[in-house]
Amino acid sequence: MSKIDDAQKILKELGLPAAQQNEISAYTLLALCGIKPRDGWSKATRASLKVSKGIMAFCKDVYKKEYAPNTRETFRRQVLHQFVQARIADYNPDNPSLPVNSPNAHYAITSEALEAIKTFGTKAWKEEVERFKSEVGELSKKYLKERKQTLIPVKLSNGKTLKLSAGKHNVVQAAIVQDFAARFAQGSEVLYLGDTANKDLYIDKKKLKELGIPIDEHSKLPDVVLYDEKKNWLFLIEAVTSHGPVSPKRVIELEELLKDCKVGKVYVSAFPDFAEFKKHSTNIAWETEVWVVDFPEHMIHFNGDRFMGPR
């Protein structure tokens with residue numbers, strides 16, 4: 001049997017769905033185990049690999065199987081995601097707190113799967129398969145618990161607690177809701193809160209509609225939208241880490257988006273620290289506000305003639 005046939009049989013017997021017993025899944029397993037065409041499965045090893053420069057490069061260099069660059073998402077969504085769920089692979093084992101869209105995302109064969117795979121072709125294989133299957137349920141629960149511990153809890157004014165995925169961007173968003181709102185938007189309510197893993201993590205469709213704010217899939221709302229009903233102010237806040245601040249271009253986009261919203265609008269760029277603020281300072285629109293997580297008691301006003309408020 002070829003190594004591809006071997007890998008497909010391994011995946012089948014370890015309980016992977018039919019969709020993850022195909023050729024691309026087999027190549028992925030071979031890469032994660034570091035198995036070359038003439039290697040015995042007892043030589044399987046565990047190393048962390050990125051998708052493009054690790055798994056896809058292994059396929060090309062070792063098996064002369066070249067995949068197009070845009071196949072990266074196929075590996076990630078149709079193979080590796082299921083491998084992680086089935087406890088065949090670990091996601092970001094070297095740094096579990098990496099954000100979902102990090103360019104440093106990586107995968108490794110799990111120790112439990114590796115222990116079984118190394119016995120493939122021997123008398124111990126069937127016993128190891130049964131051991132893996134019997135243990136993986138408990139390991140799945142443990143894995144999910146560990147992943148949940150990396151989530152960032154955010155408590156809304158209505159008492160509801162949301163869980164944002166890990167990452168610097170979401171740390172800033174959590175601080176906006178918990179720290180900025182408490183100091184500069186007291187009594188406001190969250191109408192919209194995005195997430196790097198879930199664009200519309202929280203959305204108050206009813207209130208947004210009442211205020212004349214479009215909420216279809218084409219609406220490019222800021223990261224956080226707060227509404228102060230008493231003042232009739234709308235806080236439109238961008239959490240700035242990888243993406244830009246409230247720039248002149250962004251103000252024009254938002255003014256067009258919110259042309260039917262008659263509420264007073266306050267534009268805010270929120271930064272994790274002054275270093276990030278300095279990177280973007282020349283691109284911040286006048287008549288907007290800046291807030292820095294590291295100095296939560298202070299605001300920087302790009303208004304010139306007055307302090308915070310809608311124009």
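Note that this is a predicted model, so its numbers are computed, not measured.
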**Item:** salt_bridge(Asp61, Lys64) N-O dist < 4.0 Å
**Value:** no

**Asked** Quick one: CG on Leu193 to CD1 on Ile203, what's the gap to the nearest 0.5 Å?
**Response** 10.5 Å

**Prompt:** Under a 4.0 Å N-O cut-off, is there an ion pair linking Glu238 with Arg250?
**Reply:** yes

**Fill in**
Hits for salt bridge (charged side-chain N to carboxylate O under 4.0 Å, His left out) against Arg131, two or more places apart or cross-chain, chain-then-number order -> Glu128, Glu135

**Prompt:** Between Phe75 and Tyr67, is the ring centre distance below 6.0 Å?
**Reply:** yes

**Message:** Below 30° counts as parallel, above 60° as perpendicular, anything between as tilted: where do the rings of Phe180 and Phe184 land?
**Reply:** tilted

**Request:** Could you check whether the rings of Phe120 and Trp125 sit parallel, tilted or perpendicular, using 30° and 60° as the cut-offs?
**Result:** perpendicular

**Message:** Taking salt bridge (charged side-chain N to carboxylate O under 4.0 Å, His left out) as the definition, give me every residue that meets it alongside Lys259, ordered by chain and number, with sequence neighbours left out.
**Reply:** Glu256

**Message:** Suppose we call two aromatic rings close when their centres sit under 6.0 Å apart. Are Tyr107 and Tyr91 close by that rule?
**Reply:** yes

**Complete:** Sorted by chain and residue number, the salt bridge (charged side-chain N to carboxylate O under 4.0 Å, His left out) partners of Glu115 (sequence neighbours excluded) come out as none

**Message:** By the salt bridge (Lys or Arg N to Asp or Glu O under 4.0 Å) test, which pairs, at least two apart or in different chains, include something from residues 20-45?
**Reply:** Glu23-Lys65

**Prompt:** Got a sec, which pairs hit ring-ring contact (aromatic ring centres under 6.0 Å, His included) with one end in residues 2-27, sequence neighbours left out?
**Reply:** Tyr27-Tyr63

**Message:** Working to the nearest 0.5 angstrom, can you tell me the gap between Arg46 CZ and Thr110 OG1?
**Reply:** 7.0 Å

**Message:** According to salt bridge (charged side-chain N to carboxylate O under 4.0 Å, His left out), who are the partners of Lys279, at least two apart in sequence or on a separate chain?
**Reply:** Glu276

**Prompt:** With a 4.5 Å limit on heavy-atom distance, are the side chains of Val190 and Asp204 in contact?
**Reply:** no

